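Here the structure comes first, spelled out in structure tokens, and everything after it is commentary.
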Amino acid sequence: MKKVFPVLFLILFLIGCKDPYGACVKASADIGTGIAQGMKTVDSLRVQGLITPAEESNVLDYLEFANGADKAFLTCAQTAHTSGTKAGSFTACATGFNTSLNNPTELALLHVSNSQGSQNVSIIVNGITTGVSAVATALGGA
Amino acid sequence: MGTAAIVNLILQAMQAVLAEIAAIRGQAGITDDQLATQTQALLVTNDQLYTALKALLAAPAPKPAAA
């Protein structure tokens, strides 16, 4: 559980990165990896009895939503790269991703009653949202 | 094939994709486009795992064996 997310390491790697397309692709890969691990972890929490099947279903819905947002982010970055980099294009992709994840309707799916289960789910979700915010910051307007 | 078996197959496929991404992530000479392609494959596998896990949750609980 402690190493579900490599995202914080990604953040350190991205700071100072001068290749915005490469930064976006690496971020998308690492966030996608985190989502994969998150889905597996959430299922194991249900097997352990720390979250209910209904709670697992809701958290999976959030992770799938985040997965869709990651796909859109990757496509956005590829389009920005292919069409020639206009200042702000890549940052706009990351900002859009960030905004999607903070959708209140989706965030409402994350309620878990068991405190340990809730902590574990928070680790998963915070890893994603922190990573996406960090990418937007690291791109610095590129 | 039962739902749990499908989930296991998808998990195996996912592990393969994750291993591929981890392997190419640090390699010199790998292009961003190559990594993007592998990432797209991973995100598709995530979709498949989501669908399978949801189906597993919706499946009726197995009946206890008759005495």
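So that the names make sense, note that chain A is the first sequence line, chain B the second, and so on, each numbered from 1. All of these numbers come straight from a predicted model, not from anything done at the bench.
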Task: Winner by heavy-atom pair count (cut-off under 4.5 Å) against chain A, out of B/T39, B/D47, B/D33 - done: B/D47
Task: Heavy-atom contact with chain B under 4.5 Å, split by part of A/L60 - done: both
Task: Part of A/D43 lying under 4.5 Å from any heavy atom of chain B - done: side chain
Task: Any A/K40 side-chain heavy atom under 4.5 Å of B/L53 side chain - done: no
Task: Connected via hydrophobic side-chain network under 4.5 Å: B/Y50 and A/L109 - done: yes
- [ ] Quick one: closest heavy-atom pair of A/G22 and B/D32, and the distance?
- [x] CA-OD2, 3.4 Å
Task: A/L107 reachable from A/F65 in the ILVMFWY side-chain graph, under 4.5 Å edges - done: no
Task: Minimum heavy-atom distance between B/K54 and A/D61, given as atom pair plus value - done: NZ-OD1, 2.9 Å
Open item on the list: Could you report the tightest heavy-atom contact between A/A36 and B/L42, atom names first, then the distance?
Closed with: CB-CD1, 4.3 Å
Task: A/G32 versus B/L43, closest heavy-atom pair with distance - done: CA-CD2, 3.8 Å
Task: Closest approach of A/V25 to B/A36 (non-hydrogen atoms, all atoms of both residues) - done: CG1-N, 3.6 Å
- [ ] Dump the intermediate steps for side-chain contact (heavy atoms from CB on, under 4.5 Å) on A/E56 and B/L56, then the final yes or no.
- [x] CA-CA 11 Å; A/E56 177 185 356; B/L56 192 63; over 6 Å; no
TODO: Could you state whether A/L110 and A/I35 fall into the same hydrophobic cluster, counting links through intermediate Ile, Leu, Val, Met, Phe, Trp or Tyr residues with side-chain heavy atoms under 4.5 angstrom apart?
DONE: yes
Task: chain B interface, residue from A/A54, A/G68, A/A29 that has the most non-hydrogen pairs under 4.5 Å - done: A/A29
- [ ] Return the minimal non-hydrogen interatomic distance between B/L57 and A/P53, and the atom names on each side.
- [x] CD1-O, 3.8 Å
Open item on the list: Can you tell me which portion of B/Q38 sits under 4.5 Å from chain A's heavy atoms? Options are side chain, backbone, both or neither.
Closed with: neither
